[in-house]
2 protein chains.
Amino acid sequence: MRLVVARCTVVYAGRLDARLDEAIRLLMVKADGSVLVHADGGSYKPLNWMSPPCVLVEREGVWEVTNKAGEKLEITLHEVMHDTAHELGEDPGLIKDGVEAHLQVLLSERPQVFGEGWTLVRREHPTAIGPVDLLLRDHNGAYVAVEIKRRGEIDGVEQLTRYLDLMNRDPAISPVRGIFAAQEIKPQAKTLAVDRGIECKVFDYDALREIDDGKLRLF
Amino acid sequence: MRLVVARCTVVYAGRLDARLDEAIRLLMVKADGSVLVHADGGSYKPLNWMSPPCVLVEREGVWEVTNKAGEKLEITLHEVMHDTAHELGEDPGLIKDGVEAHLQVLLSERPQVFGEGWTLVRREHPTAIGPVDLLLRDHNGAYVAVEIKRRGEIDGVEQLTRYLDLMNRDPAISPVRGIFAAQEIKPQAKTLAVDRGIECKVFDYDALREIDDGKLRLF
DNA sequence: TGTTGGATCTCGAGC
DNA sequence: GCTCGAGGTCCAACA
């Protein structure tokens, strides 16, 4: 990886046309040939860039980065403040913990955490507009649809509402009520859910995992 | 901006849980406090990051980056290969040219490019499900709704279809027919549009711009 | 191989 | 402040 800090101007012509007027920026050239132009702010997105595979040709203070699709990034260097290269090697990459999926499995295996005598009908219960995370029956045999999120926000409540509207038109399972389950539920989402007669349940993921591991059997 | 190249491990706990096993990476600390962890490949997206506003606390080879929402990025430095800081200053920012908005303005100023004697009713004509890009009347006074995209794909046709369904329920303007206008229209989108009785029109942006500049008056 | 939907989306406009 | 739509969206699962 090559790191260059320089006063530069940039022109991009490709899927759109754009330019960057003269300023000091970080130019990052990765081992795969990709080039990133970063300012000292904003988010993780560069001001401008060229994705691999691409070719960088450098001559007389001008970098010309092109790819097969004919896109072109032209960087004119007016003053170079810093220029270093570094061997980084391969990266093992990001490892994600799939919380929502795992939470769904944990809860489907322990429907009794929702209430005494509750049972699982099925996970990913299909409807015309998509699968409901969990379909349960309570101790009276009444159907309950559960929407599971890691962080409960308004759109999750909306989603569950749509499922409930649809499922309550099906005489085979109607009436179906709803539970919005998450590790954390935003106040706005809770307010909306309660207003719509949807129960909110907050679960501690680590505690559920311990139940799953057989360390706790308190329910 | 501070640039650190180091052998490091990273743990992120926030909107999801993720980790990066030990490897050499670039750590970029921007003036606004944001931190980016880049590998020597991949796309312009960092492997891991924390967006501003956030706070970086450094002690004994461990960086702890936190924000108000309680998200945490923890970077453990095992070996530092490079560590420099640079004054970049404010950035004038990216200037885009040739966006959908400009195309909309150009077409709204030249409704006659759709047909002889056509007039503009209004740009961003409001409907219950959102604004239609252009509402025109043809030489007979019949209403025409225009959806403008840079690249015409299926979802654009779907969007226009929804607008047309809604607008045709309004006796004040019904019947309304549709035109799907873009710089380029995908075959699938064209097929769907034609099937629904929607006319497709492909515009050359540069030619329209020249009309706008007064260099061409051929319509 | 195209297509679809999610994203620690980001970004900007409109309200 | 937020909500909604677009993005050089990117990205991966899936048909």
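Residue numbers begin at 1 in each chain, while the letters A, B, ... track the order of the sequences.
Contact between the side-chain N/O atoms of Gln159(B) and the OP1/OP2 oxygens of dA6(D) is found at a separation under 4.0 Å.
Distance noted for atom P between dC11(C) and dC11(D): 15 Å (whole Å).
If you take CG of Leu47(B) and P of dC10(D), they are 17 Å apart, rounded to a whole angstrom. Atom NZ in Lys149(A) sits about 8 Å away from atom P in dA7(C), given to the nearest Å. When rounded to the nearest whole Å, the span between CZ of Arg19(B) and P of dT8(C) equals 16 Å. Atom CG of Asp17(B) is separated from atom P of dA7(C) by 14 Å (rounded to the nearest Å). Following rounding to the nearest Å, Met50(A) (CE) and dT9(D) (C1') show an atom-to-atom distance of 16 Å.
Using modelled atom types, one finds no donor on one side chain facing an acceptor on the other under 3.5 Å when comparing Arg137(B) with Thr119(B).
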- How does protein reach along nucleotides 9-15 of chain C, written 5' to 3' as B (base within reach of a heavy atom under 4.0 Å), S (only sugar-phosphate), or - (no contact)? SSS----
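Between Glu58(A) and Arg2(A) there is a salt bridge, since a side-chain N of the basic residue sits under 4.0 Å from a carboxylate O of the acidic one. Using a cutoff of 4.0 Å between basic side-chain nitrogens and carboxylate oxygens, Glu199(B) and Arg177(B) are not scored as salt-bridged. Classification of Arg123(A) and Asp133(A) as a salt-bridged pair fails, no side-chain N sitting under 4.0 Å from a carboxylate O. The pair Asp91(B)-Arg25(A) meets the salt-bridge criterion, since a charged nitrogen lies less than 4.0 angstrom from a carboxylate oxygen.
Within the 4.0 angstrom heavy-atom criterion, base atoms lie near Leu94(A).
Shown here are the salt bridge (charged side-chain N to carboxylate O under 4.0 Å, His left out) partners of Asp165(A), two or more places apart in sequence or in another chain: there are none.
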